[in-house]
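When a ligand or atom number is given, it counts from 1 through the structure's own listing order. All residue numbers refer to positions in the sequence shown, counting from 1.
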Amino acid sequence: MASNCSLPFVYISGEEVRRLVGMAELIEEMARGLRWVSERDEGGVVQPVRTVVRVDKYCGNLGLMPAYSSKSDSLGAKLVTFYPHQIEGVPSHQAIVIVLDPRTGTLQAIVDGVEITNMRTAAASACAARALLQQAPRVLCIVGSGVQARSHAEALRIHHSFSEVRIWGRSAASAQRCADEVRAKVSLSLPDALRDADVVVAVTLATEPLIRGEWLKTGAVVISVGACHSDWRELDDDVMLNSLVTVDSCDAAMKESGDIIQSGAEIFAEIGEVISGAKPLPSLSDCGKKFLMFKSLGMAIEDVLSGTLIYHRFMERQTSRQPT
Ligand SMILES: NC(=O)C1=CN([C@@H]2O[C@H](COP(=O)(O)OP(=O)(O)OC[C@H]3O[C@@H](n4cnc5c(N)ncnc54)[C@H](O)[C@@H]3O)[C@@H](O)[C@H]2O)C=CC1
Ligand SMILES: O=C(O)C1=NCCCC1
């Protein structure tokens, strides 16, 4: 059992997470999770809205995210810290995911949660983009140049072949590094980056509106991943009020999304309802909107399904390596 064979549980590092699971399969796992969440009791997901402990002295936050899925028989929790005022060399988001045996409650694994968070968030966004896009997209614009920018560039290319991927970041140097890594172009001005983009991914730590509706193309699909706090904004009211809004969880959105709460935008559906077909998308002209939006807050079930899949893969590999 790796290096910790005396422990009754295993530790799975971020590097191993990457080796054990691919983005494409995680996209399908997230699609199942999003659907189950929106099926309510029938979907068999139990997850309270995240509890956030504020660490005001250091401008930090600790999120507690437990969940159970009866359909995949997965039980566990994520502990995640997010410290928006970044310190050089310290990741703004750090996490662990614990995997428990649902039959006994026994701890089976502690998995690096940073890599899971990066991958599962982008995988959920890719599911949403697939469900919301009405035609093949040409231009992807990623606003932000941190770790989620990188994982989103990977995930969104799995089902769509963009002819152009643009990155905008507050710091031109960091945007350039990110663009080089993900084979994209840097845009130095945000309005230029957004011009004619078919898919816009917002992955910043902004706390004030950054993206304006006037800069977006009619019909754009906006995936908003940042601003996961009732006081924070990433999008202006023009974007919010002119969007057909979908969310990962209505309960979470009404508690945590500053963009939804402060703009008073109405939620059309949970993305799981769109994926399952329970809520078909109306045409934008029929609903009087200009944009389609997915507001992602991040759900515990995404971490627990990912952690469980990774744990099972890890154990299969261990077993196949045992001498017979
Ligand atoms: N919905 C979800 O499931 C999840 C959401 N998130 C959120 O996604 C966002 C991005 O996270 P990471 O990439 O992990 O963070 P990161 O720290 O790696 O990158 C943050 C990026 O935001 C930029 N930024 C910071 N303040 C800004 C401002 N005022 N205006 C414009 N850009 C600004 C930074 O320069 C950097 O490029 C954060 O808001 C984070 O809380 C993170 C994980 C899961
Ligand atoms: O789901 C998560 O994980 C997070 N969501 C919002 C910001 C912190 C991490």
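Of the inter-residue distances, the one linking Ile87 atom CD1 with Tyr58 atom OH reads 10.5 Å to the nearest 0.5 angstrom.
A single hydrophobic cluster is not seen to contain both Met315 and Val304; linkage of ILVMFWY side chains at heavy-atom distances under 4.5 Å, directly or through other members, places them apart.
For the residue pair Ser230 / Glu256, no side-chain donor-acceptor distance below 3.5 Å is found, with atom types taken as modelled. There is no side-chain donor-acceptor pair under 3.5 Å between Thr246 and Lys279. Using modelled atom types and a 3.5 Å distance limit, the side chains of Gln94 and Thr81 yield no donor-acceptor pair. Residues Lys290 and Thr218 bring no donor and acceptor atom of their side chains to less than 3.5 Å of each other.
If you run side chain to side chain contact (heavy atoms under 4.5 Å, CB included) between Leu241 and each of Val245, Asp238, Asp237, only Asp237 comes through.
Applying the salt bridge (charged side-chain N to carboxylate O under 4.0 Å, His left out) test to Arg138 and every residue at least two apart in sequence or in another chain returns nothing. Looking at residues two or more places apart in sequence or on another chain, you find a side-chain contact (heavy atoms from CB on, under 4.5 Å) between Ala278 and Glu273, Ser276.
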Quick one: table the atom pairs, ligand 2 N or O against protein N or O, below 3.5 Å, distance rounded to 0.1 Å.
residue, atom, partner, partner atom, Å
ligand 2, 1 (O), Arg50, NH1, 2.9
ligand 2, 1 (O), Arg120, NH1, 3.4
ligand 2, 1 (O), Arg120, NH2, 2.8
ligand 2, 3 (O), Lys78, NZ, 2.5
ligand 2, 3 (O), Arg120, NH2, 3.3
ligand 2, 5 (N), Arg50, NH1, 3.1
ligand 2, 5 (N), Leu297, O, 3.1

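Near ligand 1, residues Gln86, Ser92, His93, Thr117, Arg120, Thr121, Ser145, Gly146, Val147, Gln148, Arg170, Val203, Thr204, Leu205, Ala206, Leu210, Val225, Gly226, Ala227, Cys228, Ser296, Leu297, Gly298 each place a heavy atom inside the 4.0 Å sphere around the ligand atoms.
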